Amino acid sequence: MNIKKLISFDYQKIKNVIKILLAATIIYFFLLYLRGKIDLQSFILIIILFIINYSLFYIYFLSKKELNYIPIYPLIIFYYLLTYTSYFYFDYELTPIFGLNFPSENFVGNYIYPEMSILIFTISLGLIFFSFGYFFLNFLIFKKNAYWLKLEINNKIELFLIVALILFVIFYYINLNYKIINFSIISQLKFPIEIFLLAYFQVKYLLSKNIFIFLIMILMLFSLFIIEISMGATVFPYLLLLTPIFINFYINKEVNFLIVMLIFLSAFIVHTLKYEIRKITWILPEENKPIKEQNKILNNLNSTIEIYSNQTYDTFISNDNIAGQKHRLYHSNTSLQIVLSKSPHYIDFYNGKSYDSLIFKFVPRFLYHNKKKEEWGNFWGKRYNVLNKNDFGTSWNFPVLNEFYANFGVKGVIFGMFFLGFLIKTLLIFLCFNTNQPILLSVASTIMLNFFFLESNLSLILGSVINQLLFFSVIVISILFLNFLIQKISN
């Protein structure tokens, strides 16, 4: 048997897996119902949610029009399945949530008791109206091929661009240690440039099958992944790993199941030890030692290796670690439970005030020095009494769906999620480039990947998208201008 065919899942295999998972899910909760673990109402509500979530995958893979577009939609639906819906596999009774900072006169008051019907109703509405917004434009666009821009780029200009971006990445990590320049824009550009480079090399490799390009991509990918892990990062390193898989899924319409499982396993290991790494690596330089004499990256790598080498199997399978992993994985769901339990009865809806700063997202910070900083994570944490009022450093991630409800309630979920789906599809149509345009395709993939991890508030996500659109627009316009000059000189 061909091993590659066994572990590679194309659209048909994925649809079959979806049907199997949904059938197994129905059987699992039906058995819980027969054993008296859940009542009939809970059984029906949970099954409806899972049917909605799994069916949305199936609808996507049935649509031929979606073959033209970068596959961000199934990634987003997977995010909701993983962080919201699958919560009920483990907690089908909704365990009360404890909060040390919840205002109360006694210890019992530190608990909130969420209602399952409201929780499932809100998640289901979010999924349905997000999908309505996303697929709405499919009924208005009848062209099967929506590619609208072709970028004829001189080979020398393309090589110069890639080398320049690689040098930027190298400089970024050198600058971490030596503090040559201290501009926030340097840190802001790290994410899009690293994602772009990985996407670019993957596209070039898949088109050419050049092993040298593949080796460059692998070397870059694992170097960046290890460095970022050693700095205590968790989300960004896995976005780096996701990028080549994402590009391969778009071009070849298949995903390697074994690689995905290995990534999940590594994520479990990394999340187990992230706080140990952060305790050591998130520290200030030694006071009696000049910064230039301390190699921050090497120190982080050595500390990380030491931490990993001192662990035992029991560290990973302990009950505390498993509970901690579940708590982190289902933050989106549990934070929504807190919001639903408190608003609007105890905490008023915020009526859209958290979106006021969106209008300034088009203005770069270096042009508008008084531009308000993104501190909504800290704000929402305090507003819902999760964080102490004197805590100004901790950020409580506030997902987009939760924010829509916290601002406007159910109507916020309906119209907000519809708008989000519509916006994403509009961007996909605008950024629709074929595989013969590796630079443009890599740009589009980089921008759209911002929408995968919707655990941050909307203004933070849209701010990143807007900044990257502006940044890559400058690059594309510069390429067009240089091409024009070269053609004039040649003629």
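These figures come from a predicted structure and were not determined experimentally.
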Is there side-chain contact between Met231 and Leu176, with heavy atoms separated by less than 4.5 Å? yes

So OG of Ser445 and CD1 of Ile195: to nearest 0.5 Å the spacing works out to 10.0 Å

- Task: Please lay out, stage by stage, how Tyr134 and Tyr69 fare under the test ring-ring contact (aromatic ring centres under 6.0 Å, His included).
- Result: CA-CA 12 Å; Tyr134 179 86; Tyr69 304 118; 7.7 Å; no

Margin query: Is there a side-chain contact (heavy atoms from CB on, under 4.5 Å) between Gln202 and Thr243? Walk through the geometry before answering.
Written below: CA-CA 8 Å; Gln202 177 71 324; Thr243 302; over 6 Å; no

Interatomic distance, OH@Tyr92 vs CZ@Phe90, rounded to 0.5 Å, equals 11.0 Å

Close side-chain approach of Asn402 to Tyr84, heavy-atom, < 4.5 Å: yes

**Study point:** Geometric class of the Phe130/Tyr80 ring pair [parallel <30°, tilted 30-60°, perpendicular >60°]
**Key:** tilted

- Do the side chains of Leu340 and Glu115 get nearer than 4.5 Å, heavy atoms only? no

| request: State, with a plain yes or no, whether a side-chain heavy atom of Tyr200 is found less than 4.5 Å away from one of Glu158. | output: yes

| task | Answer whether the closest heavy-atom distance between the side chains of Leu242 and Leu239 falls below 4.5 Å. | result | yes

Centroid separation Phe415 to Phe129 less than 6.0 Å: no

Is the backbone of Gln12 close enough, under 3.5 Å, to the side chain of Asp10 for a donor and an acceptor to pair up by distance?
-> yes

Distance col, row Ile297:CD1 vs Ile226:CD1, nearest 0.5 angstrom, shows 12.5 Å

Interatomic distance, CD1@Ile229 vs CZ@Phe236, rounded to 0.5 Å, equals 11.0 Å

Quiz item: How about Ser335 and Asn397: does a side-chain donor come under 3.5 Å of a side-chain acceptor?
Solution: no

Using a 6.0 Å distance limit plus a 45 degree cone around the ring axis, check whether Lys13 lies over the aromatic ring of Phe9.
yes

Working for side-chain contact (heavy atoms from CB on, under 4.5 Å), residues Ile263 and Ile245
CA-CA 11 Å; Ile263 288 175; Ile245 299 173; 3.3 Å; yes

* To do: Taking atom CZ of Phe222 as the centre, report whether more than 12 heavy atoms of other residues, nucleotides or ligands fall under 6.0 Å from it.
  => no

To the nearest 0.5 Å, atom OG1 of Thr83 lies from atom CG of Leu454 at 8.5 Å

Note, Phe88 side chain near Leu94 side chain (heavy atom, < 4.5 Å): yes

Q. With a 4.5 Å heavy-atom cut-off, do Phe451 and Val465 have their side chains touching?
A. yes

Can the ring centroids of Tyr89 and Phe50 be said to lie less than 6.0 angstrom from one another? yes

Would you call the rings of Tyr54 and Phe57 parallel, tilted or perpendicular, where under 30° means parallel and over 60° means perpendicular? tilted

* To do: Determine whether more than 12 heavy atoms belonging to other residues, nucleotides or ligands lie under 6.0 Å from atom CD1 of Ile359.
  => no

Give a yes or no on whether Phe408 atom CZ has more than 12 heavy-atom contacts from other residues, nucleotides or ligands under 6.0 Å away.
yes

| said: Once you measure the plane-to-plane angle for Phe196 and Phe472, does it fall in the parallel (<30°), tilted (30-60°) or perpendicular (>60°) bin? | reply: tilted

Evaluate the criterion side-chain contact (heavy atoms from CB on, under 4.5 Å) for residue pair Val17 and Phe257; output intermediate values, then yes/no.
CA-CA 11 Å; Val17 168; Phe257 181 74; over 6 Å; no

So CD1 of Ile322 and OG1 of Thr272: to nearest 0.5 Å the spacing works out to 7.5 Å

For the residue pair Tyr384 / Ser343, report whether a side-chain donor-acceptor contact shorter than 3.5 Å exists. yes

Quick note, side-chain hydrogen bond (donor to acceptor under 3.5 Å, both in side chains) partners involving residues 417-429, not counting sequence neighbours, are Glu66-Lys425, Asn138-Lys425

- Query: Honestly, is Lys253 close enough over Phe249, meaning NZ or CZ under 6.0 Å from the six-membered ring centre and within 45° of the axis?
  - Reply: no

Specify whether Tyr87 and Tyr330 have parallel, tilted or perpendicular ring planes, treating 30° as the upper limit for parallel and 60° as the lower limit for perpendicular.
perpendicular

### Flag for Tyr79-Ser332: side-chain donor and acceptor within less than 3.5 Å
yes

Note to self: Does Tyr405 form a side-chain contact (heavy atoms from CB on, under 4.5 Å) with Met417? I'd like the steps, not just the answer.
What the structure shows: CA-CA 10 Å; Tyr405 185 88; Met417 292 301 284; over 6 Å; no

Assign the ring pair Trp380 / Phe398 to parallel, tilted or perpendicular, where the plane angle (0 to 90°) is split at 30° and 60°.
parallel

The side chain to side chain contact (heavy atoms under 4.5 Å, CB included) partners of Ser464 (sequence neighbours excluded) come to Asn450, Gln468

Ring-ring centroid check Tyr238 Phe225, cutoff 6.0 Å = yes

Next item on the list: Please work out which of the three classes, parallel, tilted or perpendicular, describes the rings of Tyr60 and Tyr11, given edges at 30° and 60°.
Entry: tilted

